[in-house]
Asker: 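Mind having a look at this structure? Questions to follow.
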Amino acid sequence: MQPGQIVVESDDARCAELEAAGWVFVSRSWAAQLTASGVDVDALSGAVQRGRRHGDVRELGDADLDSVLLLDAATLAHYPGGVATQHRPLTQSSARLSRTRRGFGVVAGGCRVLAVTYVDVDDRTAETEFTVAAADVRGLGLGTAVKAASILSLVREGVDVFRTGGAEKNRVILRSNQHLGYRVDEEWLTFSPPSGV
């Protein structure tokens, strides 16, 4: 976070107060939700099938973690939007997968992870931590494919609510999430302090 930055819900009265006090609006972000009852299995299955043109779309395991770390390191600068949507670099520890921390990817040639999404599962709720695709395969729907795969898998396990979010600047991921059935239900504004503060 930039020193002193504040992230506030867009309908919070503090937004007007901050602007009146000289704070500078720097970015907008959003959050969205999908419920199990709103899942379109055919649409999500189609997204997974399109992803399979480029590799195996599947849940990741320990053998994939080195490739996940390479992809993460190569894409650290690819998250727009500032503090509200920043991505912390993965470490060997934070990349580790478990029953409550799941990863889904497109894996080419048996070992290169082309796209990945990490999801934190808490009982019947799943929150997407991040989704990213390698720069050389952007625009092929691989981010959509891995998110679709995660939703389909977790719905079968009884997850009812899926949460995700992103930066307003990233129109591609917003359209991808809308295609998957997510509906934006929150908007957040990030402000920087007045110059000289």
Side-chain angles (χ1 to χ4, degrees), residues 1-5 7 26-32 44 47-48 50-122 126-154 162-177 179-180 182 188 190 192:
M1 178 182 274
Q2 296 294 327
Q5 280 191 336
V7 180
V26 293
S27 64
R28 182 184 306 268
S29 55
W30 51 269
L44 271 63
V48 171
R50 286 186 292 280
R52 286 189 177 132
R53 296 175 189 158
H54 307 282
D56 188 16
V57 181
R58 61 174 171 79
E59 186 158 5
L60 300 174
D62 291 344
D64 302 304
L65 294 187
D66 286 344
S67 186
V68 168
L69 288 167
L70 287 172
L71 174 62
D72 188 64
T75 57
L76 284 176
H78 301 175
Y79 293 86
V83 63
T85 56
Q86 72 183 11
H87 169 67
R88 290 187 182 87
L90 291 176
T91 63
Q92 284 287 344
S93 177
S94 66
R96 198 163 292 125
L97 300 164
S98 68
R99 189 180 63 76
T100 59
R101 183 165 174 74
R102 311 283 284 275
F104 296 80
V106 177
V107 183
C111 62
R112 182 183 176 213
V113 177
L114 301 177
V116 65
T117 191
Y118 265 54
V119 183
D120 293 318
V121 180
D122 182 7
E127 176 89 30
T128 301
E129 181 186 340
F130 70 95
T131 304
V132 70
D136 61 324
V137 295
R138 297 242 169 93
L140 300 177
L142 303 189
T144 304
V146 295
K147 286 193 88 165
S150 72
I151 294 164
L152 290 169
S153 179
L154 295 172
F162 297 84
R163 300 286 302 165
T164 195
E168 181 185 54
K169 283 182 176 179
N170 191 344
R171 304 304 294 171
V172 171
I173 198 67
L174 179 57
R175 284 192 302 274
S176 169
N177 282 298
H179 174 75
L180 295 173
Y182 282 94
W188 298 81
T190 301
S192 286

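These numbers come from the heavy atoms of this one structure, side chains and all, not from hydrogens, waters or symmetry mates.
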Asker: Using side-chain heavy atoms (C-beta onward) and a distance below 4.5 Å, is K147 in contact with T164?
Answerer: yes
Asker: Does the side chain of V116 reach to within under 4.5 Å of the side chain of V146, using non-hydrogen atoms?
Answerer: no
Asker: For D136, enumerate each residue passing the salt bridge (charged side-chain N to carboxylate O under 4.0 Å, His left out) test, keeping only those at least two apart in sequence or located in another chain.
Answerer: R112
Asker: With a 4.5 Å cut-off on side-chain heavy atoms, are L180 and L44 touching?
Answerer: yes
Asker: Of all heavy-atom pairs between S94 and P89, which one has the smallest distance, and what is that distance?
Answerer: OG-O, 4.2 Å
Asker: Tell me, which pairs form a ring-ring contact (aromatic ring centres under 6.0 Å, His included) where one or both residues lie in residues 91-117, sequence neighbours left out?
Answerer: none
Asker: Just jot down the side-chain contact (heavy atoms from CB on, under 4.5 Å) partners of L69, sequence neighbours excluded, or say none.
Answerer: L90, Q92, A95
Asker: Which atom names give the shortest non-hydrogen contact between A126 and V119, and what distance separates them?
Answerer: CB-CG1, 3.5 Å
Asker: With sequence neighbours left out, which residue pairs that include part of residues 67-77 fulfil the side chain to side chain donor-acceptor pair (under 3.5 Å) condition?
Answerer: D72-H87
Asker: Would you please test I173 and Y79 for side chain to side chain contact (heavy atoms under 4.5 Å, CB included) and show each step?
Answerer: CA-CA 11 Å; I173 198 67; Y79 293 86; over 6 Å; no
Asker: Between A145 and V48, which heavy-atom pair has the shortest distance, and what is it?
Answerer: O-CG2, 3.8 Å
Asker: Can you give the donor-acceptor pairs under 3.5 Å from side chains of residues 127-135 to other protein atoms, not counting sequence neighbours?
Answerer:
{"residue": "E129", "atom": "OE1", "partner": "R101", "partner atom": "NH1", "Å": "2.4"}
{"residue": "E129", "atom": "OE1", "partner": "R101", "partner atom": "NH2", "Å": "2.9"}
{"residue": "T131", "atom": "OG1", "partner": "T117", "partner atom": "OG1", "Å": "2.7"}

Asker: Sequence neighbours left out, what passes salt bridge (charged side-chain N to carboxylate O under 4.0 Å, His left out) with D66? Give chain and number order.
Answerer: none
Asker: Could you state the interatomic distance from CG (D120) to CZ (R163), rounded to the nearest 0.5 Å?
Answerer: 14.0 Å
Asker: Donor-acceptor pair, D64 side chain versus G61 backbone, under 3.5 Å?
Answerer: yes
Asker: Which atom names give the shortest non-hydrogen contact between S192 and V26, and what distance separates them?
Answerer: OG-CG1, 3.6 Å
Asker: Could you point out which residue of R58, H54, R52 forms a side chain to side chain donor-acceptor pair (under 3.5 Å) with D56?
Answerer: R58
Asker: List the atom of L60, the atom of G105, and the distance in Å for their closest heavy-atom pair.
Answerer: CG-N, 3.7 Å
Asker: Can you find a pair of side-chain heavy atoms, one from S153 and one from E59, that are under 4.5 Å apart?
Answerer: yes
Asker: To check you understand the geometry: which heavy-atom pair defines the closest contact between A167 and T85, and what is its length?
Answerer: N-CG2, 3.5 Å
Asker: Find out whether Y118 and L97 are in side-chain contact, i.e. whether some heavy atom of one side chain is under 4.5 Å from a heavy atom of the other.
Answerer: yes
Asker: Going from CG on L142 to CZ on R50, what distance comes out if it is rounded to the nearest 0.5 angstrom?
Answerer: 11.0 Å
Asker: Evaluate the side-chain proximity of N177 to F162: yes if any heavy-atom separation is below 4.5 Å, no if none is.
Answerer: no
